[in-house]
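Letters go in sequence order (proteins before strands), and every chain restarts at 1. Every heavy atom of this structure was used, including side-chain atoms; hydrogens, water molecules and symmetry mates were not.
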Number of protein chains: 2
Amino acid sequence: MAQPKKRPRGETRRRILRLAAEWLQQRGYHGFSFGQIAEALEIQSSAVHYHFPAKPDLVAAVFAGYREDFAWWCEQQAKSREGALAQIGHFLDLEARNLDDERVCPLGVAGVEYASLPAEACAEAEALRDDLAAWLSRRLETGRERGELAFDGAAMDQAQLIMAAAQGALQLARLHGQADFRAVRRALLTGLRHPTVQA
Amino acid sequence: MAQPKKRPRGETRRRILRLAAEWLQQRGYHGFSFGQIAEALEIQSSAVHYHFPAKPDLVAAVFAGYREDFAWWCEQQAKSREGALAQIGHFLDLEARNLDDERVCPLGVAGVEYASLPAEACAEAEALRDDLAAWLSRRLETGRERGELAFDGAAMDQAQLIMAAAQGALQLARLHGQADFRAVRRALLTGLRHPTVQA
DNA sequence: GTCTATAACGTGATAGAC
DNA sequence: GTCTATCACGTTATAGAC
């Protein structure tokens, strides 16, 4: 029988998280199993259970990872000191990266499967939603104050429109093609650039 | 689709379809089973298999039902002879009905679980997407021609924005509350009403 | 940290009686 | 059209060896 492969500390855990994130965004929570992860990584399913006692633990960790990644991205973004419209464009580009390997936004997964998702995963997803909403509405608010952006209504309404549209567009892109996402990106940014009417 | 036009008058069949549609939109494709449907309807799981040989058949039939319902809705809508903005508002209200029992848009389910969904279901979902996109872009196009609506870019881009935003907003509403959907509805319609700038 | 082995269960699906 | 009975399989999860 094959000897266990020695791997650097924490390497297996990272590989599990990485694959689980990919499949979660491609197939949904119920669309992959510990056994499939084990097979793909050429380890035993009980090795997966060692790192993550149960599936809710694994998926909650995946969502927590999304939050870490987004926090890191925000830090990098803050350094660039770009305008609000450019930053929001970069946010849409961040979402667009999911198109490369046919993923959807993790919030979409949580939203669709909400009623069949473990509570831990829901809680992390809600926190991620709050992170995104806070970042977006802040950019929109200051962008409007500085006259860079024009839109009617509350900044938070606009932030939710952007989140919802990006997430929905990634899903529609799978049904009809990546052009659908670009169409939505175009429509969103055009709407923001649009100067308010002088009455 | 496997099932021809002729629909058996069976009450059981209708009850199965109704419950499957509800659960599909609440839990996703993998979030419910024949056994659970049988239990809820107090029949045997093999009775479900009688009406729908396999799960893909059932779910494809559910999607086909969505298309029929939407076609019927379009007919009713055509009779009203309302303006484009009002009609698009009604479309968003149609989506908003899903909030009542915490469902999401079926296209969201298909988009999220695409990689783990049977091909029959994907095909029906794509057809439904085309139905919605065609109806919306037509309203947008004629609305703009008549000066009722104002937006930049292609009508189809705008149609995709509306579809994506509505679908994403239903999902976000589950994570944070129904107000999120209303915020998106507001932002969308405000954007359309916004008069183009006179340069 | 990974393995073997296995438990306990739910799943989609089928055959055939009534 | 619905039932009983059953199947093979995949699933999550645990115990204990190395």
Side-chain angles (χ1 to χ4, degrees), chain A residues 1-21 23-24 26-63 109 113 115-122, chain B residues 2-4 6-21 23-24 26-63 109 113 115-122:
Chain A
M1 282 304 164
Q3 289 298 317
K5 239 180 192 173
K6 292 280 178 171
R7 296 193 187 277
R9 178 159 292 188
E11 174 69 9
T12 300
R13 185 190 162 90
R14 268 194 297 274
R15 294 173 72 216
I16 293 169
L17 278 172
R18 193 181 160 85
L19 187 58
W23 283 351
L24 181 72
Q26 288 172 341
R27 315 176 179 182
Y29 179 82
H30 301 283
F32 67 95
S33 68
F34 275 39
Q36 290 170 330
I37 290 177
E39 191 184 14
L41 299 184
E42 293 180 293
I43 58 179
Q44 299 303 310
S45 72
S46 29
V48 185
H49 277 286
Y50 166 76
H51 291 283
F52 304 95
K55 202 174 177 184
D57 301 309
L58 169 57
V59 175
V62 168
F63 271 103
V109 179
E113 296 187 290
S116 61
L117 218 58
E120 301 95 306
C122 289
Chain B
Q3 210 69 18
K6 128 186 138 171
R7 264 195 180 173
R9 290 292 164 204
E11 172 70 9
T12 301
R13 185 190 163 91
R14 269 194 298 270
R15 293 172 72 214
I16 294 169
L17 278 172
R18 193 181 160 84
L19 186 59
W23 284 352
L24 181 71
Q26 287 171 342
R27 317 178 177 179
Y29 179 82
H30 301 283
F32 67 97
S33 68
F34 276 40
Q36 290 170 330
I37 289 176
E39 192 183 13
L41 299 185
E42 293 180 293
I43 56 178
Q44 299 304 309
S45 73
S46 30
V48 184
H49 277 286
Y50 166 76
H51 291 282
F52 303 96
K55 203 174 177 182
D57 301 309
L58 169 56
V59 174
V62 168
F63 271 103
V109 178
E113 297 187 289
S116 61
L117 217 57
E120 301 95 307
C122 289

dT11(D) phosphate, OP1 or OP2, under 4.0 Å from Ser33(A) side-chain N/O: yes
Take the protein atom CG of Asp57(B) and the nucleotide atom P of dG12(C), then report the distance between them rounded to whole Å. 13 Å
Quick one: does Thr12(B)'s side chain get under 4.5 Å of Leu41(B)'s, heavy atoms only? no
Starting from P on dG12(C), measure out to NE2 on His30(A) and report it in whole angstrom. 12 Å
Touch check for Phe32(B), heavy atoms < 4.0 angstrom, all strands: base, sugar-phosphate only, or nothing? sugar-phosphate
Interatomic distance where CD belongs to Gln36(A) and C1' belongs to dT12(D) [whole Å]: 13 Å
Search all heavy atoms of Leu24(A) against all heavy atoms of Val109(A) and return the closest pair with its distance. O-CG2, 3.5 Å
To the nearest 0.5 Å, what is the distance between NE2 (His51(B)) and CD1 (Ile43(B))? 6.5 Å
Check the pair Ser116(A), His30(A) against side chain to side chain donor-acceptor pair (under 3.5 Å), reporting the backbone distance first and the verdict last. CA-CA 9 Å; Ser116(A) 61; His30(A) 301 283; 3.0 Å; yes
In this structure, how many angstroms lie between the C1' atom of dT2(D) and the CD1 atom of Ile16(B), rounded? 11 Å
Rounded to whole angstrom units, what separation is found between the CD atom of Glu39(A) and the C1' atom of dT11(D)? 14 Å
About how many Å separate CD of Glu39(A) and CD of Gln44(A), when rounded to the nearest 0.5 Å? 10.5 Å
At under 4.0 Å, does any side-chain N or O of His51(A) touch on OP1 or OP2 of dT2(C)? yes
Atom pair distance, as rounded to whole Å: CD in Gln44(A) and P in dA13(D): 18 Å
Below 4.0 Å: OP1/OP2 of dG1(C) and any side-chain N or O of Tyr50(A): yes
Do Leu19(A) and Phe32(A) come within less than 4.5 Å of each other through their side chains, counting heavy atoms only? no
Any side-chain to backbone donor/acceptor pair from Glu113(A) onto Tyr29(A)? Under 3.5 Å, distance only. yes
What's the closest nucleotide to the side chain of Ile43(A) if the choices are dT11(C), dT2(D), dC3(C)? dC3(C)
Separation of atom CZ in Phe52(A) from atom C1' in dT14(D), rounded to whole Å: 18 Å
Pull out every protein N or O sitting under 3.5 Å from an N or O of nucleotides 13-17 of chain C, one pair per line with the distance.
residue: dA13(C); atom: OP2; partner: Lys55(B); partner atom: N; Å: 2.8
residue: dA13(C); atom: N7; partner: His49(B); partner atom: NE2; Å: 3.1

